[in-house]
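The sequence lines fix the lettering, A, B, ..., with proteins before strands; numbering per chain opens at 1. Since we're looking at a predicted model, the values are computed, not measured.
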2 protein chains.
Amino acid sequence: MAQNKFLHIYEILKARIANDYYSDTMLLPTEMTLVEEFNVSRNTVRRAIQKLNEEGLVYSVKGRGVVILESTKKDNMYVPLSNFQGFNTLHTNKKSESKSIVKSFREIIIDEDLAERTSFDAGETAYFIERIRIVDGVRVMYDTSYFRANIVENLTEEIAHGSIYSYIRETIGIQIASAKTFLKVETAIAKDMEYLDLDGNNCVGAAENIVYTDMGKLFEYTEIRFIPNKFVITNFAQNINE
Amino acid sequence: MAQNKFLHIYEILKARIANDYYSDTMLLPTEMTLVEEFNVSRNTVRRAIQKLNEEGLVYSVKGRGVVILESTKKDNMYVPLSNFQGFNTLHTNKKSESKSIVKSFREIIIDEDLAERTSFDAGETAYFIERIRIVDGVRVMYDTSYFRANIVENLTEEIAHGSIYSYIRETIGIQIASAKTFLKVETAIAKDMEYLDLDGNNCVGAAENIVYTDMGKLFEYTEIRFIPNKFVITNFAQNINE
DNA sequence: GAGTGGTCTAGACCACGGT
DNA sequence: CCGTGGTCTAGACCACTCC
């Protein structure tokens, strides 16, 4: 039972779309109809529908109604991979064994060059961590992280072996707000060859990740580099007509 | 002058954040303060703030306020590339010359295999189009498109040389609703070698694009394959704590 | 306890689509 | 023209943060 009314309605509508309950018309019932069915205000119905729009399940057209988008065969094709936000592994039915090893862990001083890349201040202290992630025996990705030492205090290699985010949330008590990601395909460098099972490929996927605390402070800069043919990143764009 | 009040307020707040007008506190004024300043209802202020949240400029915390996120050096680093939604070229100051050539154009019947990939129906007719995009003399990407013939009627090679989307919008009168994108890094296949200036790289970026009309009909499936080191895809995730 | 953002209500008018 | 979704208002109560 969802606490929020609008989330509850959103879930019901989503299930009905998935079950083809509304498929005859290709339109959702009108907002006023849903207001009467659920006995809520129009605003609440609109918030539920807005969420469906954000997920790309429907498309609202002024004057006509809320159009249900045709389903595709790809809708349930991908499986989320552990912590990595936005990353999904290619579909597999079998369960995967995954573990990670800490390759480097040390404190560093941010120099001019790193200040440019991480948006930290030159001269401040940061933790530098390299970790390799291994799935089913294959080294599929590694990430190079910089954590601001004045925010993530007393980080140790032990903690890096487990979940740094759990430590940040539970021990330090910082809430994580949001992250920005930039994605590229790049020619592999020596370190990629060394850390990854590239299997003949000479390129990697590269994702830059910038993460904020809920105080608005940038506290982590991470570059993830991953092997080809293993990950899918999904995205959804609306209102292509400018 | 923006027509909508909430968009107008959003733009003002965005400008103030960019100008460090609010930087002292790291918090936006409270909703009630903004209600008084702009003489609008609280809902309108909230919609403006919601948009700032969606763009990753601020982060709202219940009980505390609207936190302004630190700016990063990457915020204005990338330049959008023509039509390709979500794609951005790496920053360059010089203007680029770009053109595209149509490599293939024909009508085909969707077979079982294509039905699986495109989510079209097996047996229906579609236009098959391959186009290569050349920027500053370098073949940087090519896309393989399938358009449903019963929606995009009378498509010709001439039209494909120009803008198919202009034809769809202006001549056919169909509005485009939204698109889903799936992104991967893949080992290059023979056709990639043939169509792209891979310059020694043996991988490509691959983006699948599924596009809908505003009637909810899937009408285009396109696979874009692009060379490494040239494009950036930006993404923004919120509420990482599940 | 005071103040914040999150949710929700019950109205109103407008712009657009389809007829 | 009618009905649709889009915008906006003016209230209310709640959950949370911070002192």
Side-chain angles (χ1 to χ4, degrees), chain A residues 1-11 13 22 25-54 57-69 169 173-178 213-216 238-239 241, chain B residues 1-11 13 22 25-54 57-69 169 173-178 213-216 238-239 241:
Chain A
M1 194 77 67
Q3 286 184 334
N4 296 341
K5 289 188 185 180
F6 82 94
L7 280 179
H8 187 220
I9 294 170
Y10 152 78
E11 273 157 21
L13 296 179
Y22 290 137
T25 63
M26 290 292 288
L27 283 176
L28 237 53
T30 67
E31 293 178 350
M32 283 315 295
T33 308
L34 293 170
V35 163
E36 283 164 24
E37 175 181 351
F38 294 109
N39 270 301
V40 295
S41 75
R42 190 172 156 223
N43 238 315
T44 302
V45 165
R46 282 181 60 73
R47 293 183 67 186
I49 292 173
Q50 185 187 12
K51 225 173 133 54
L52 295 172
N53 267 285
E54 284 165 8
L57 295 172
V58 303
Y59 181 74
S60 298
V61 184
K62 195 195 301 194
R64 192 190 306 144
V66 179
V67 181
I68 301 167
L69 299 182
R169 270 199 288 261
I174 288 176
Q175 291 303 310
I176 294 151
S178 58
T213 69
D214 72 345
M215 303 302 287
Q238 253 202 95
N239 288 322
N241 327 298
Chain B
M1 192 76 68
Q3 288 182 333
N4 295 342
K5 290 187 183 180
F6 82 94
L7 280 179
H8 186 222
I9 294 170
Y10 153 77
E11 274 158 20
L13 296 179
Y22 291 137
T25 63
M26 289 293 288
L27 283 178
L28 237 52
T30 67
E31 294 178 351
M32 283 315 295
T33 307
L34 294 170
V35 162
E36 283 163 24
E37 174 182 352
F38 294 108
N39 270 302
V40 295
S41 74
R42 188 170 159 225
N43 238 314
T44 302
V45 166
R46 283 181 61 72
R47 292 182 67 186
I49 293 174
Q50 185 187 13
K51 225 173 133 56
L52 295 172
N53 267 285
E54 284 165 8
L57 295 172
V58 303
Y59 182 72
S60 299
V61 183
K62 194 195 303 196
R64 189 186 310 144
V66 178
V67 180
I68 300 168
L69 299 183
R169 271 199 285 262
I174 288 175
Q175 291 303 310
I176 294 151
S178 58
T213 70
D214 73 344
M215 302 302 288
Q238 251 201 97
N239 287 321
N241 327 298

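Comparing C:dA10, D:dA10, C:dG6 by their nearest atom to the side chain of B:Ser41 picks out D:dA10. If you check D:dC8, C:dA15, C:dT7 against the side chain of B:Arg47, the one that comes closest is D:dC8.
Taking CG of A:Leu34 as the reference point, atom CG of A:Leu13 lies at 6.0 Å (rounded to 0.5 Å).
For the pair B:Leu7 CG and D:dT7 P, the interatomic distance rounds to 8 Å; values are reported in whole Å. Regarding B:Met32, its CE atom lies at a distance of 10 Å from the C1' atom of D:dA10, rounded to whole Å. Whole-Å rounding puts the A:Ile68 CD1 to D:dT4 C1' distance at 15 Å. When rounded to the nearest whole Å, the span between CG of B:Asn39 and P of D:dT7 equals 21 Å. With rounding to whole Å, B:Tyr59 atom OH is found 11 Å from D:dT17 atom P. Taking atom CD1 of B:Ile49 as the reference point, atom P of C:dT7 lies 13 Å away to the nearest angstrom. Computed from coordinates, the A:Leu34 CG to D:dG3 P distance equals 17 Å when rounded to whole Å. Rounded to an integer number of Å, the gap from CD of B:Glu31 to C1' of C:dT7 is 12 Å.
The residue among A:Lys62 and B:Lys62 whose nearest nucleotide of DNA chain C is located toward the 5' end is B:Lys62. Of the two residues contacting DNA chain D, namely A:Gly65 and B:Val61, the nearest-nucleotide position lying further toward the 5' end is that of A:Gly65. Nearer to the 5' terminus of DNA chain C, by closest-nucleotide assignment, is the contact made by B:Pro29 (compared with the other of B:Met215 and B:Pro29).
A donor-acceptor pair is defined here as one N or O able to donate and one able to accept, closer than 3.5 Å; no such pair exists between the side chain of B:Asn39 and the backbone of B:Val35.
Closest of all the heavy-atom pairs between B:Lys5 and B:Thr44 is CB-CG2, 3.9 Å. Residue B:Val61 comes nearest to A:Asp214 through the heavy atom pair CG2-O, 3.8 Å, listed as atom of the first residue, atom of the second, then distance. Considering every non-hydrogen atom in both A:Ile9 and A:Ala48, the closest pair reads CG2-CB, 3.8 Å.
Between B:Lys5 and D:dT9 there is a side-chain polar atom (N or O) within less than 4.0 angstrom of OP1 or OP2. Residue A:Arg46 places none of its side-chain N or O atoms closer than 4.0 Å to OP1 or OP2 of D:dG5. Residue A:Thr30 has a polar side-chain atom (N or O) positioned under 4.0 Å from OP1 or OP2 of D:dT4. Within the 4.0 Å cut-off from OP1 or OP2 of D:dT9, not a single side-chain nitrogen or oxygen of B:Arg42 is found. Between B:Thr44 and the phosphate of D:dT7, there is no side-chain N or O to OP1/OP2 separation shorter than 4.0 Å. Taking 4.0 angstrom as the limit, B:Arg64 places none of its side-chain polar atoms (N or O) nearer than this to OP1 or OP2 of C:dT4. Checking the phosphate oxygens (OP1, OP2) of D:dT9, no side-chain nitrogen or oxygen of B:Asn43 falls inside 4.0 Å.
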